[in-house]
Amino acid sequence: MSEVDWGRVRADFPLLERKVHGKPLVYLDSANTAQKPAAVIEAVDAFYRRHNANVSRAVHALGTEATEAYEGARGRLARFLNVAAQDLVLCSGTTFAINLVAWSFAQPRLAAGDRILVSRMEHHANIVPWQLVAERTGAQVVPLEITPQGEIDLDALDRELARGARLLAVTHVSNVLGTINPVREICQRARRHGVFTVVDGSQAVPHQPVDVGAIGCDFYAFTGHKLCGPTGTGGLWGRREHWQSMPPFLGGGEMIREVRFEGTTFNDPPHRFEAGTPNIAGFVGLGAAVDYLSAIGMQAIARRERELLEHALARLAEVPGLRLIGNPPARAAILSFLVEGAHAHDLATLLDLEGIAVRSGHHCAHPLMQFYGVPATCRASLAFWNTEAEIDALVDGIGKVRRQLA
Ligand code: PLP
């Protein structure tokens, strides 16, 4: 018996009730973006209806309420990740977060010939910023290879670390393979060699309890819209000593103490890194999202998604001509696959006609596609609100497409 009434949980998501092409929606694209529970939608609505003002700039009541709501969201997120709020910079998402580390932290520390290790399974958001700083500094981006199953090759990691590196960028959970990387172990090994670590937590924090402090990384990035929150929200946790030493990334309002034409002094972290008006309503929504997820319990969510994953693995194994890409033993509920005789885009388009939303393409992970020698895959990504019946609908849908294309 499951400890949570998942049917009731599903009813919290208004969008899941809609139809697509006259069929009940089967949303299997949570790795792309998560659907939002009513609690999040209502929190954003209530902010705009009753509290809307800018943060930190007004002494009037609404200004105070907006500031408290924004800082309250930072506190909620910090508790959710088990970190101190002052070490958590709020930003628009993982892409911004990793660019912030690349330009503010890494660039001043990199010299010509320095090596930046980047795992083969990274999203472009954790590759391209490193290429850009490497170009500027003369550093070199070195791929950290994976095994055919889709795990980080820990022997290759040791070899690369022994050759020397300045920084290591690795995802906690792969957005294509679902691999849950042993980031604690990886960061420990890197630290022994004096290598800084940046962990992309985009696909981890929505699906399992994450104690960021226990990982032992230098930076941890995440994005709010995959965490049932609004788009344009996310955060970057960093070690306090790093924040203290880092110059601002963007200049403008909110991030200063005093501006003179002779020179400007900057605010303390985290505000030093939050120039301009933030997505206040978005963070109010994200705060509501972590309250919502915490009330269900991240352990319970992880267990439910594990059940769904096992059902999906068993059912997909029955589909003739279906090839799963990667087979990592420790995995989240993300499944990439190809079906003989069907291009990934055709498959996704025809499934859409059945009301089934899966993603097709390279998933912003070209180097991983190159590793597996495929241009694109179909990806089904599950969340706790999905059902076994929806997975069965996917399997039936694939069968129908195969018959159509035969
Ligand atoms: N990293 C991973 C692993 C992702 O899956 C994604 C989004 O798909 C990103 C980074 C980028 O996140 P965002 O577009 O919210 O910045």
Side-chain angles (χ1 to χ4, degrees), residues 27-36 77 89-103 118-132 144 146 150-152 168-181 183 186 197-208 210 212 215 217 219-237 249-250 273 278-279 282-283 285-286 289 305 325-326 328 330-336 357-369 371 376-383:
Y27 187 76
L28 303 177
D29 199 18
S30 301
N32 206 353
T33 198
Q35 295 304 343
K36 320 301 176 203
L77 281 162
V89 166
L90 303 183
C91 61
S92 63
T94 298
T95 302
F96 187 101
I98 294 175
N99 277 276
L100 165 55
V101 185
W103 292 108
V118 177
S119 104
R120 166 73 64 182
M121 67 173 85
E122 296 312 301
H123 186 283
H124 296 159
N126 206 14
I127 301 176
V128 183
W130 304 117
Q131 291 176 324
L132 294 174
L144 172 59
I146 61 170
E151 296 179 285
I152 302 272
L168 166 67
V170 65
T171 193
H172 194 163
V173 171
S174 161
N175 66 313
V176 180
L177 309 171
T179 316
I180 303 175
N181 285 317
V183 282
I186 290 171
T197 46
V198 181
V199 177
D200 176 349
S202 307
Q203 300 289 351
V205 293
H207 304 292
Q208 60 185 68
V210 176
V212 169
I215 293 171
C217 56
F219 292 95
Y220 192 93
F222 66 97
T223 207
H225 66 97
K226 298 187 201 286
L227 192 57
C228 293
T231 51
T233 62
L236 177 68
W237 173 85
F249 178 39
L250 297 179
F273 302 98
N279 182 358
F283 280 102
L286 184 55
E305 292 183 359
I325 305 296
R331 72 184 303 164
I334 297 175
L335 302 125
S336 276
V358 295
R359 184 163 177 207
S360 62
H362 52 67
H363 315 293
C364 297
H366 276 154
L368 189 60
M369 297 293 121
F371 179 80
T377 73
C378 247
R379 181 187 69 186
S381 49
L382 309 172

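Each ligand, and each atom within it, is numbered from 1 in the order the structure gives.
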For this session: Mind checking whether Asn175 contacts ligand 1 via backbone (N, CA, C, O), side chain (CB onward), both or neither, at a 4.0 Å heavy-atom cut-off?
Result: side chain
Exercise. Is there any N or O on Thr95 that sits under 3.5 Å from an N or O of ligand 1?
Worked result: yes
Exercise. To which of Thr223, Asp200, Thr171 does the heavy atom nearest atom 2 (C) of ligand 1 belong?
Worked result: Asp200
Problem set entry | Residue portion contacting ligand 1 (non-hydrogen atoms closer than 4.0 Å) for Glu122 | neither
For this session: Would you check if the side chain of Glu122 reaches a backbone N or O of Thr171 as a donor-acceptor pair within less than 3.5 Å?
Result: yes
Exercise. Which of these, His172, Lys226, Met121, Gln203, has its nearest heavy atom closest to atom 7 (C) of ligand 1?
Worked result: Lys226
Exercise. Hey, which of Asn175, Leu335, Leu28 is the one that makes side-chain contact (heavy atoms from CB on, under 4.5 Å) with Arg379?
Worked result: Asn175
Exercise. Closest non-hydrogen protein atom to atom 4 (C) of ligand 1, residue and atom name please, with distance?
Worked result: His123 CD2, 3.3 Å
Exercise. Stepwise, does the side-chain contact (heavy atoms from CB on, under 4.5 Å) test hold for Lys36 with His225?
Worked result: CA-CA 9 Å; Lys36 320 301 176 203; His225 66 97; 3.9 Å; yes
Exercise. Is the side chain of Glu305 donor-acceptor paired with the backbone N or O of Ala332 at a distance under 3.5 Å, no angle test?
Worked result: no
Exercise. Can you say whether the rings of Phe96 and Phe249 are parallel (under 30°), tilted (30 to 60°) or perpendicular (over 60°)?
Worked result: perpendicular
